[in-house]
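The block underneath contains the structure these notes are about, expressed in structure tokens.
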Amino acid sequence: MEHGEALGWNSRPSASPCRRLRVAKPRSEVLGQAVCATAALDRDRSLAELERDCWPEPSADATRLVAAAHALRRRPIGELTVEDMRLLIGQDIGLPYLLPLAVEVLRENPMAEGHMYEGDLLSAVLTRDLSVWAEFPALVRELRGIVSKLTGLPPDLERKVDRFLVP
């Protein structure tokens, strides 16, 4: 799937539960409207509603990952599980809304686990492109504080933490 296709840039109306279809903004514009505090998030709204971008239904031959991502974008963000956030963040979907929620989870449990392995949410968060983090300086500071206290990490996660901590 092409990046623009995943974001619905070439989309047309479908039988989607979204209220209206809207052409997605380029990623840089969306990230420029970053949500900085989880308190400001309306957890009863879905990513599709928050981003005001309704993706068309995935094609019949879409992968399970694509189908899951599309479905999760229609679920209220307050109902997303650690696994749901890990999956969406790992695909760079809804980052302005999900990164603050993920850091909220990591604040309580840095090794929060979805369906992959202990610390998989942390891994997804740490491996986002550095340009994404420029929009979230307060989250970066908080996440650095969280990960700098972790010890005894698996080698792969330790490398990800080290790369994140390098200024």
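FYI, the numbering just counts along the sequence from 1.
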Next on the checklist: Looking at E104 and R43, is any side-chain nitrogen of the basic one under 4.0 Å from a carboxylate oxygen of the acidic one?
Outcome noted: yes
Next on the checklist: What I'd like to find out is whether the side chain of R75 reaches to under 4.5 Å of the side chain of L80, using heavy atoms alone.
Outcome noted: yes
Checklist entry - Can you list the steps and then say if L143 with L99 is a side chain to side chain contact (heavy atoms under 4.5 Å, CB included)? => result CA-CA 10 Å; L143 191 54; L99 286 175; over 6 Å; no
Checklist entry - Between P58 and V66, what is the shortest heavy-atom contact and its length? => result CB-CG1, 4.1 Å
Checklist entry - Would you call D156 and P154 a side-chain contact if the rule is heavy atoms closer than 4.5 Å? => result no
Item to check | Within one Ile-Leu-Val-Met-Phe-Trp-Tyr cluster: M85 and M116, side-chain cutoff 4.5 Å | outcome: no
Next on the checklist: Test side chain to side chain contact (heavy atoms under 4.5 Å, CB included) on V125 and W133; report intermediate values, then the result.
Outcome noted: CA-CA 10 Å; V125 168; W133 290 108; 3.6 Å; yes
Checklist entry - Taking atom OG1 of T127 and atom CZ of R159, what is their separation to the nearest 0.5 Å? => result 13.0 Å
Next on the checklist: Just verifying a value: how many Å separate E51 CD and S46 OG, rounded to the nearest 0.5 Å?
Outcome noted: 8.5 Å
Item to check | Residue pair E49, D42: steps toward the side chain to side chain contact (heavy atoms under 4.5 Å, CB included) verdict | outcome: CA-CA 10 Å; E49 293 169 320; D42 183 349; over 6 Å; no
Checklist entry - Under 4.5 Å between any side-chain heavy atoms of L150 and L122, yes or no? => result yes
Checklist entry - side-chain hydrogen bond (donor to acceptor under 3.5 Å, both in side chains) with D120: which residues, sequence neighbours excluded? => result none
Checklist entry - Does R128 reach the side chain of I89, with side-chain heavy atoms less than 4.5 Å apart? => result yes
Checklist entry - So, K160 and S123: side-chain donor and acceptor under 3.5 Å apart, yes or no? => result yes
Next on the checklist: List the residues meeting side-chain hydrogen bond (donor to acceptor under 3.5 Å, both in side chains) with T81, not counting sequence neighbours, and say none if there are none.
Outcome noted: D84
Checklist entry - Of L165, V161, L139, which meets side chain to side chain contact (heavy atoms under 4.5 Å, CB included) against R144? => result L165
Checklist entry - So, R73 side chain and D53 main chain: donor-acceptor pair closer than 3.5 Å or not? => result yes
Item to check | With sequence neighbours excluded, residues passing salt bridge (charged side-chain N to carboxylate O under 4.0 Å, His left out) with D162 | outcome: none
Checklist entry - Can you name the residues that form a side-chain hydrogen bond (donor to acceptor under 3.5 Å, both in side chains) with T63, not counting sequence neighbours? => result none
Checklist entry - CG of L121 to CG of L87: how many Å apart, nearest 0.5 Å? => result 11.5 Å
Next on the checklist: Is there a path of hydrophobic side-chain contacts, each under 4.5 Å between heavy atoms, that joins Y117 and L153?
Outcome noted: no
Next on the checklist: Pair L98, L47 - check side chain to side chain contact (heavy atoms under 4.5 Å, CB included), show working.
Outcome noted: CA-CA 9 Å; L98 298 182; L47 287 173; 3.9 Å; yes
Item to check | Any residue meeting side-chain hydrogen bond (donor to acceptor under 3.5 Å, both in side chains) with D44, in chain and number order, not counting sequence neighbours | outcome: none
Next on the checklist: Test your reading of the model: is there a side-chain donor-acceptor pair from E83 to the backbone of H115, 3.5 Å cut-off?
Outcome noted: yes
Checklist outcome for this item: For L95 and F136 the tightest heavy-atom approach is O-CZ, 3.9 Å
Item to check | Residues that E142 engages under salt bridge (charged side-chain N to carboxylate O under 4.0 Å, His left out), provided they are two or more places apart | outcome: R107
Next on the checklist: Is it the case that the side chain of Y97 and the backbone of I77 share a donor-acceptor pair, with hydrogens and angles ignored and the cut-off at 3.5 Å?
Outcome noted: no
